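All heavy atoms count here, side chains included; hydrogens, waters and symmetry mates do not. Given the structure is predicted, the values throughout are model-derived calculations rather than measurements. Counting begins at 1 with the first residue of the sequence.
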Amino acid sequence: MATKAHPTEPAVAAAQEICEARGLRLTRLRRRAVEALARAGKPVKAYDLLSSLGEGDAPAKPASAYRALDFLEEIGLVHRVSGLNAFILCAHGGGDHATSLYLCERCGGADERKEHLGPSDKAPAGFKVARSVIEHYGLCGTCARN
């Protein structure tokens, strides 16, 4: 699957902008998490990020990595891929929106599609959706041809 390249600088700028708008801090650890996910361009397990998040030669502690990723997920900059127990940088620069992720089971690529996030006749009365992720698993076009 052709995975979109996520340049590091725009991803960090989006994270910084969201944090400033909400009066939050983009700490060094959170910034490194954004950078690592941007470089990966596909879903990554938290434990696979530990060395990228650490200081010097020391990897980050798992609890610190999960706190940073949870924070980034809360502000909408990262999506949790539940079926893979992994995380992926939002391809749409963060914020509240519904997402469909198309995940290739062969190459590990991911394609994100932003979906309409609005009132639904299926939601309980009064329920306001803040964000939603739907995961689709299969083969991307490239892998399906091979």
Could you grab the distance from atom [atom1] of [X] to atom [atom2] of [Y], nearest 0.5 Å is fine?
X: His136; Y: Cys104; atom1: NE2; atom2: SG; value: 14.5 Å
X: Leu89; Y: Leu72; atom1: CG; atom2: CG; value: 8.5 Å
X: Phe87; Y: Leu49; atom1: CZ; atom2: CG; value: 8.5 Å
X: Arg80; Y: Glu135; atom1: CZ; atom2: CD; value: 10.5 Å
X: Glu74; Y: Leu69; atom1: CD; atom2: CG; value: 11.5 Å
X: Leu101; Y: Ile88; atom1: CG; atom2: CD1; value: 6.0 Å

side-chain contact (heavy atoms from CB on, under 4.5 Å) between Leu24 and Phe71: does it pass, once the steps are laid out? CA-CA 10 Å; Leu24 303 169; Phe71 171 84; 3.9 Å; yes

Determine the minimum heavy-atom distance between [X] and [Y], stating which atoms define it.
X: Ala14; Y: Leu77; answer: CB-CD1, 4.2 Å
X: Ile75; Y: Arg22; answer: CA-NH1, 3.3 Å
X: Gly76; Y: Cys90; answer: O-CB, 3.7 Å

Regarding Glu73 and His79, is there a side-chain donor-to-acceptor distance under 3.5 Å anywhere? no

Do the side chain of [X] and the main chain of [Y] share a donor and acceptor less than 3.5 angstrom apart?
X: Arg25; Y: Cys19; value: no
X: Asn85; Y: Val81; value: no
X: Arg145; Y: Gly141; value: yes
X: Gln16; Y: Leu26; value: no

Is there a side-chain contact between Cys107 and Thr142 in this structure, where contact means two heavy atoms from C-beta onward sitting under 4.5 Å apart?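 Side-chain contact under 4.5 Å: no.
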
Does the pair Ser100 and Glu112 meet the rule for a side-chain contact (heavy atoms from CB on, under 4.5 Å), with working shown? CA-CA 6 Å; Ser100 285; Glu112 177 184 342; over 6 Å; no

Pair up each side-chain donor or acceptor in residues 56-67 with any protein partner under 3.5 Å, not counting sequence neighbours, and list the distances.
{"residue": "Ser64", "atom": "OG", "partner": "Arg67", "partner atom": "NH2", "Å": "3.4"}

Quick check on Glu17: does its CD atom have over 12 non-hydrogen neighbours (other residues, nucleotides or ligands) under 6.0 Å away?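 No, the 6.0 Å shell around CD holds no more than 12 heavy atoms from other groups.
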
In the single-linkage hydrophobic clustering (I, L, V, M, F, W, Y; side-chain heavy atoms under 4.5 Å), do Leu139 and Ile134 co-cluster? no

Are the charged groups of Glu55 and Arg32 less than 4.0 angstrom apart, N to O? yes

